Amino acid sequence: MNPFEISRQAIDLAAFRERLLDRSCGAYVQFDGWVRDHNEGQQVLRLEYEVYEPLAVSEGQKILEEAKQQFGVSRACAIHRSGLLELSDVAVVVGVSSAHRGEAFDACRYIIDQAKIRLPIWKKEYYANGNAEWVNCQRCSEAGHDHEVLTARARR
Amino acid sequence: MNPFEISRQAIDLAAFRERLLDRSCGAYVQFDGWVRDHNEGQQVLRLEYEVYEPLAVSEGQKILEEAKQQFGVSRACAIHRSGLLELSDVAVVVGVSSAHRGEAFDACRYIIDQAKIRLPIWKKEYYANGNAEWVNCQRCSEAGHDHEVLTARARR
Amino acid sequence: MNLTVRYFAAFRELTGVEAETVNTDASSPSDLFNECAARHTGLQKFTSSMVAVNDEMAGWDSALSDGDEVLFFPPVAGG
Amino acid sequence: MNLTVRYFAAFRELTGVEAETVNTDASSPSDLFNECAARHTGLQKFTSSMVAVNDEMAGWDSALSDGDEVLFFPPVAGG
């Protein structure tokens, strides 16, 4: 099984965690990204991930390998959803197991931070007012660039 | 249900996670401490946690509250095992949900770091060679103090 | 030379096009994007837009060859 | 004054005692520990040992009152 996957179905978290189990590991850190009911003052009803899968998978694997190399953790896996998601659905899960906890936290954070800025994945939020909007990457907002709103009418 | 618990039974991770779910949250970070098959060159067969429960619970709750205050996360819960544990068992789980991921990582790490040095919980490792040893706190080792080995013959 | 251009997410919606074949002398993805933007009203390169050539991430100033498939990515937002 | 002393984990195994009642003039947990260590061969206060009085964490130099329950904790190791 590929350590980085794109899934069109709901993520099976129990099965995901199984893949990280390792008797030599004392620490496991997991990050879940959940579909939140609001964003920048707007009430979100659901959202949609568009994924360019060939590149998302190869780039995702690169990120996992980098994390293992840089932090010396034993295992690292991630799954990202594509398609339509409802509130509270798991959009992405990252799991890292290692001998000690410090590097497990660092590696998990590295993976999700990199995934958000490097993977060809786009998120469209559907709002209570009937609009839909492509959401911009965290990096832009954090860097304080002009807010680049890419508005598009909802198609559904 | 108490946000911080001591459990004599195996931890039900799915039920634990349910308690952290929150539609206003986009991030969930979970730390598991697993029973590892080795420690400082010794092969570990199993281990035992002794917990002074009244104080562990009140101090554990304080730590969770501190994390919520300091990092502004929505929910924080933890369960620590007591009694005998086998390899790969979950010894402790910490879960944090919040609007964004940065503070969820920071709060989760704060909770497990504090739990390890403040809670009246002691770990005895049972080794392949028949010995058993009380393990000392991380802080001592990290501070580079003399290694304080509290050896005791295994009773079982 | 002939290139295939593919648009994703907001870019696809702004152009109304998923993929198109273009005959161009553009020397780089950056030049090519400007040509495409001249044809498609509303298409503009946002900060942190990315480009891939033949399924590999590429620089905006990299070289292009006949037959390349050029992918224009608006700012990504995974997770 | 009369105090109850409780030993945990390694301390319990080193003394062979879970709890004992002592009559003492010890002015602090630190003094009390030294008295106990004189009675129980092998008992010694390791760095980062902790003490609780009446189920509250306490300082080694805090005051003691008649009837207090004093808990001696060897270095903790949760998680």
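Given the structure is predicted, the values throughout are model-derived calculations rather than measurements. Throughout, protein chains are lettered first and strands after them, A, B, ... in sequence-line order, and every chain is numbered starting at 1.
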With rounding to the nearest 0.5 angstrom, report the [atom1] to [atom2] distance, [X] to [Y].
X	Y	atom1	atom2	value
A:Ser97	B:Arg36	OG	CZ	12.5 Å
A:Ser98	B:Trp34	OG	CH2	9.0 Å
B:Arg109	A:Arg109	CZ	CZ	8.5 Å

Quick one, [X] and [Y] - any side-chain contact, counting heavy atoms below 4.5 Å?
X	Y	answer
B:Phe31	A:Tyr28	no
B:Leu13	A:Arg17	yes
A:Ser24	B:Asp37	yes
B:Gln30	A:Val29	no
B:Arg23	A:Val35	no

Answer with side chain, backbone, both or neither: which region of [X] has an atom nearer than 4.5 Å to a non-hydrogen atom of chain A?
X	value
B:Val90	side chain
B:Asp89	neither
B:Asp113	both

Problem - When B:Ser88, B:Cys25, B:Gly33 are compared by non-hydrogen pairs under 4.5 Å with chain A, the top option - result: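 Highest number of heavy-atom pairs under 4.5 Å: B:Cys25.
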Practice task
Mark yes when over 12 heavy atoms from residues, nucleotides or ligands other than A:Arg19 sit less than 6.0 Å from its CZ; otherwise mark no.
Solution key: yes
Exercise for the section: Tell me, out of A:Ala104, A:Gly102, A:Ala91, A:Gly95, who's got the most heavy-atom pairs with chain B below 4.5 Å. Expected result: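 The option with the most such pairs is A:Gly102.
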